[in-house]
Amino acid sequence: MAKRLVIKVTAGEEAPERCSQAFTVAAVAVASGVEVSLWLTGESSWFALPGRAAEFKLPHAAPLPDLLESVIAGGRVTLCTQCAARREITEKDVVDGVRIAGAQVFVSEVMGDGVQALVY
């Protein structure tokens, strides 16, 4: 099993099951002791803003704010630079613990030894 897991979530409220899967897998991996890096891209970018995860509802799924909080506490959460810029989101806008970084950082993370990458 890989010791590090990089998850890129591209889906938001328009694809709730795919979105929830990404956050759930990230949170379970963190709880299992895996080093996790969760990337918010596309429509999931909005969840980097305070209160936005609380607006997400999916029956029979763990609450998105709880999942996000656990990943921030035990892993790393990154908002894509270009995705943030397109939505006029800046570092001062995001939830504490979320950083903004670009493709170069993503590629660096996924190319590391022992890394498993997933895209939702």
When the side chains of residues 53-74 are checked against the rest of the protein, which donor-acceptor pairs come out under 3.5 Å, sequence neighbours left out?
{"from": "Lys57", "atom 1": "NZ", "to": "Ala54", "atom 2": "O", "distance (Å)": "2.9"}
{"from": "Ser70", "atom 1": "OG", "to": "Leu67", "atom 2": "O", "distance (Å)": "2.8"}

Quiz item: Could you state the interatomic distance from CD (Glu109) to CD (Gln104), rounded to the nearest 0.5 Å?
Solution: 11.5 Å
With a 3.5 Å distance limit and no angle check, can you tell me whether [X] reaches the backbone of [Y] through a side-chain donor-acceptor pair?
X	Y	result
Arg4	Asp113	yes
Arg52	Ala48	no
Ser44	Val9	yes
Ser32	Val28	yes

Practice problem: Decide side-chain contact (heavy atoms from CB on, under 4.5 Å) for Trp39 and Val105; before the verdict, give the C-alpha distance in whole Å, the side-chain angles of both, and the deciding distance to 0.1 Å. | Solution: CA-CA 11 Å; Trp39 282 74; Val105 176; 3.9 Å; yes
Exercise. Would you sort out whether Leu5 and Val25 count as a side-chain contact (heavy atoms from CB on, under 4.5 Å), showing the intermediate values?
Key: CA-CA 10 Å; Leu5 180 61; Val25 168; 4.3 Å; yes
Nearest heavy-atom pair of [X] and [Y]: which atoms, and what distance?
X	Y	answer
Ser45	Leu40	OG-O, 3.9 Å
Gly102	Thr81	N-OG1, 3.1 Å
Ala26	Leu38	CB-CD1, 4.2 Å
Thr41	Cys80	CG2-CB, 3.8 Å
Thr78	Arg99	OG1-NE, 2.7 Å

Anything under 3.5 Å between a donor and an acceptor, one on a side chain of residues 13-20, the other on a protein residue two or more places apart or in another chain? List them.
{"from": "Glu14", "atom 1": "OE1", "to": "Gly12", "atom 2": "N", "distance (Å)": "2.9"}
{"from": "Glu14", "atom 1": "OE2", "to": "Gly12", "atom 2": "N", "distance (Å)": "3.3"}
{"from": "Arg18", "atom 1": "NH1", "to": "Thr10", "atom 2": "OG1", "distance (Å)": "3.3"}

Self-check item: Derivation of the side-chain contact (heavy atoms from CB on, under 4.5 Å) call for Val6 and Phe106
Solution: CA-CA 9 Å; Val6 177; Phe106 178 78; 3.8 Å; yes
